[in-house]
Protein chains: 2
Amino acid sequence: MLETITRMKTADALDNAPETTRKGDAEKRGRKASKEVRQLQLIEATIDSLAKRGYAETTMADVADGAGLSRGIVNFHFESKEKLLIATLQHMYDEYSAHWRTALQKAGDDPARQLQYLVWADFDRSICNKRKLAAWLAFWGEAKSRPTYQALSSSRDNYYQQVFIDLCATLKGRGSYAYDPQVMALALSAMLEGLWLRLMMGTEDTTRETALQAANEFLSVAFPKHYPLKGAATTKS
Amino acid sequence: MLETITRMKTADALDNAPETTRKGDAEKRGRKASKEVRQLQLIEATIDSLAKRGYAETTMADVADGAGLSRGIVNFHFESKEKLLIATLQHMYDEYSAHWRTALQKAGDDPARQLQYLVWADFDRSICNKRKLAAWLAFWGEAKSRPTYQALSSSRDNYYQQVFIDLCATLKGRGSYAYDPQVMALALSAMLEGLWLRLMMGTEDTTRETALQAANEFLSVAFPKHYPLKGAATTKS
DNA sequence: CATAATTTGTTGAACATTCATTCAATATGG
DNA sequence: CCATATTGAATGAATGTTCAACAAATTATG
């Protein structure tokens, strides 16, 4: 049952993206393709463009070309460029949310296990790959100056943060730690985001593997009575 | 001697920027103004624009207007928009570098003190304010897709990271800790960047004060024999 | 069932706008 | 006067949006 979460190869840093899968979806090109499929296809092309060219250089033409469709098509399915970008951001947000919620469910009842699963989820390949990280960063760069993006651009929302706080509080009770749960949760989630940031920027010394090591190191020093988790390898399952 | 570093008011989250000081510099407007002064003036206006409008919406006209000068002026002092942006990034990079190096010097010989000073430096008002953080984020968002930015856009470079690793190694020797210095240094610096990120994005629960608390909490759990530092308050000096 | 009518999806050229860049004219300071 | 700095209008390229024409799918009709 742990496949989706623990399936992390120690191999290389960040895979370049599941290019193949996306090509597969787009194969239904010819004429038909339900409205939803076509919209998804355009959203994927938008993520591609954001990742490859950055926010400022992402154009409607590039998105259309990337999807193998004509110029005017984007304005037909999404009303404007802005709405396309919002839809793309929403898509990524939903995917991220669903992913960590699933991970949390799979962890069972043990809080230490839940926290470990959340950390693992953050570095899962399906979420944490060059393409999507680059797209996230592109949005983050514009979020402060665009009110419309702000709510969605955190990916980790208030509820997510609250889960971390609750877990820190519970562990504190069970391990008689001294920290303030809210403060510790902030440190922890900030570190996770910071590791993402390094992966996004392609910092040399940071790979998905070393990032996960660092995160686990944090868990070990913050909650020494609970980590390393029994029967859980650091990098691979 | 600690003024620059420890001068942090507990008061409010992030000040909106030292707007006044910059206005003062720009006062030498009329006609004259040495080449360097004018370039600095334009760079500051660029930071303003990046912070207010984001990278994608920053235009030459906006920069010129912000500096109170005419349209063509930027192409005279900097050859192109791209070169203006690179100069701006370089300026911010140099400022950040100089700042943490100074902090390190002021800390003296004790490694625990040095690390604490580096952390404090990161949240010093002169470096860590809304305006500059927003500008950093704007650059980060474009860095991956622009080779020219990559070297400068980290702000925290390889050398900075090495300092962290060395400090972690030294503290390990003196405190008989169990961690791997490289991994711990990554966790620590990632958390600092992650806290910056939260400040940049304006996440509600994160202020410069709570960020500093979280960072200090990290130091305490990672190096329990060294922190909290004797005689150093968490938030204010 | 075949064919017409209609709705829906798609195209690509035309249009309008924004913006970086250029440059001739002008002002300034030495 | 000369070198340098500054202006602001003109230019041209890039790009988001619109839309009339076209094609495919769906529905209506005999």
Side-chain angles (χ1 to χ4, degrees), chain A residues 25-46 48-50 52-89 138-139 142 145-146 148-149, chain B residues 25-46 48-50 52-89 138-139 142 145-146 148-149:
Chain A
D25 298 343
E27 227 54 272
K28 305 170 185 170
R29 173 165 310 154
R31 284 298 170 198
K32 186 57 189 296
S34 79
K35 207 155 191 152
E36 281 182 358
V37 168
R38 184 109 309 169
Q39 289 188 354
L40 256 187
Q41 181 185 357
L42 289 171
I43 284 177
E44 294 295 333
T46 305
D48 281 340
S49 186
L50 286 171
K52 185 168 31 132
R53 310 170 47 133
Y55 186 98
E57 302 286 329
T58 286
T59 76
M60 299 288 263
D62 192 53
V63 170
D65 290 354
L69 297 171
S70 74
R71 298 298 157 91
I73 197 66
V74 184
N75 289 91
F76 177 81
H77 285 287
F78 303 87
E79 209 165 317
S80 65
K81 185 185 183 182
E82 169 138 37
K83 288 190 178 164
L84 166 69
L85 289 167
I86 290 172
T88 303
L89 184 52
F139 278 118
E142 294 294 317
S145 47
R146 313 226 181 198
T148 333
Y149 293 173
Chain B
D25 299 343
E27 228 53 272
K28 305 170 184 170
R29 174 164 311 153
R31 284 299 170 198
K32 187 54 189 299
S34 79
K35 207 156 191 150
E36 279 182 359
V37 168
R38 184 108 310 167
Q39 288 186 356
L40 255 187
Q41 181 186 356
L42 289 169
I43 284 177
E44 293 297 331
T46 306
D48 282 340
S49 185
L50 286 171
K52 187 170 29 135
R53 311 171 47 133
Y55 186 98
E57 303 286 329
T58 286
T59 75
M60 299 287 262
D62 192 53
V63 170
D65 289 354
L69 297 170
S70 73
R71 298 298 157 90
I73 197 65
V74 185
N75 288 91
F76 178 80
H77 285 287
F78 303 87
E79 208 165 317
S80 65
K81 184 183 183 183
E82 169 138 38
K83 289 188 178 164
L84 166 70
L85 289 168
I86 289 172
T88 303
L89 184 52
F139 278 117
E142 293 294 316
S145 48
R146 313 224 182 196
T148 332
Y149 293 173

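Quantities reported herein were computed from a predicted structural model and do not represent experimental measurements. Each chain gets a letter, A, B and so on, in the order its sequence line appears, and its residues count up from 1.
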Trainee: Kindly point out which of dA5(D), dT11(C), dG9(C) is positioned nearest to the side chain of Phe76(B)?
Mentor: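 From the listed options, dA5(D) comes nearest.
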
Trainee: Taking only nitrogen or oxygen atoms into account, show me every contact under 3.5 Å that the protein makes with nucleotides 15-18 of chain D, one pair per line with its distance.
Mentor:
residue, atom, partner, partner atom, Å
dG16(D), OP1, Lys81(A), NZ, 2.8
dG16(D), OP2, Met60(A), N, 2.8
dT17(D), OP2, Asn75(A), ND2, 3.4
dT17(D), OP2, Lys81(A), N, 2.8

Trainee: Between Arg38(A) (CZ) and dA25(D) (P), how many Å, whole number?
Mentor: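 Taking CZ of Arg38(A) and P of dA25(D), I get 12 Å after rounding.
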
Trainee: In whole angstrom, what separates Glu36(A)'s CD from dG9(C)'s P?
Mentor: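 Whole-Å distance recorded here is 12 Å.
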
Trainee: When you measure from the side chain of Glu142(B) to the backbone of Gly54(A), do you find a donor-acceptor pair of N or O atoms at a distance under 3.5 Å?
Mentor: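 No, Glu142(B) side chain to Gly54(A) backbone: no donor-acceptor pair under 3.5 Å.
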
Trainee: Between the protein and nucleotides 15-17 of chain C, which nitrogen or oxygen pairs are less than 3.5 angstrom apart?
Mentor:
none

Trainee: Identify the heavy atoms of Leu84(B) and Val74(B) that sit nearest to each other, and give their distance.
Mentor: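 Minimum heavy-atom separation between Leu84(B) and Val74(B): CD2-CG1, 3.7 Å.
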
Trainee: Please pick, from dT11(C), dA5(D), dT7(D), the nucleotide with the shortest atom-to-atom distance to any side-chain atom of Lys35(B).
Mentor: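 From the listed options, dA5(D) comes nearest.
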
Trainee: Find the distance Ile73(B):CD1 to dG8(D):C1' and express it as a whole number of Å.
Mentor: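 So the two atoms are 11 Å apart, to the nearest Å.
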
Trainee: Are Arg53(A) and Thr59(A) close enough that some pair of their side-chain heavy atoms sits under 4.5 Å apart?
Mentor: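 In contact.
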
Trainee: Using whole Å, what does the distance between atom P of nucleotide dA23(D) and atom CG of Leu69(A) come to?
Mentor: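 So the CG-P distance, Leu69(A) to dA23(D), works out to 17 Å.
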
Trainee: For residues Arg146(B) and Ala56(A), report the shortest heavy-atom separation together with the two atoms involved.
Mentor: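 Looking at all heavy atoms of both residues, the shortest contact is NH2-CB, 4.0 Å.
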
Trainee: If you compare all heavy atoms of Ile86(A) against all heavy atoms of Tyr149(A), which two are closest, and at what distance to 0.1 Å?
Mentor: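 So the minimum-distance heavy-atom pair works out to CG1-CE2, 3.8 Å.
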
Trainee: Determine whether the aromatic ring centres of residues Tyr55(A) and Tyr55(B) are separated by less than 6.0 angstrom.
Mentor: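 No; Tyr55(A) has its ring centre 6.0 Å or more from that of Tyr55(B).
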
Trainee: Would you say Ser49(B)'s side chain and Ala45(B)'s backbone share a donor-acceptor pair under 3.5 angstrom?
Mentor: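 A pair under 3.5 Å: no.
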
Trainee: Quickly work out the Gln39(B) CD to dA5(D) C1' distance and round it to whole Å.
Mentor: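 Atom CD in Gln39(B) sits about 12 Å away from atom C1' in dA5(D).
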
Trainee: Hey, which of Asn75(B), Asp65(B), Ile73(B) is the one that makes side-chain contact (heavy atoms from CB on, under 4.5 Å) with Met60(B)?
Mentor: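 Option passing the side-chain contact (heavy atoms from CB on, under 4.5 Å) with Met60(B): Asn75(B).
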
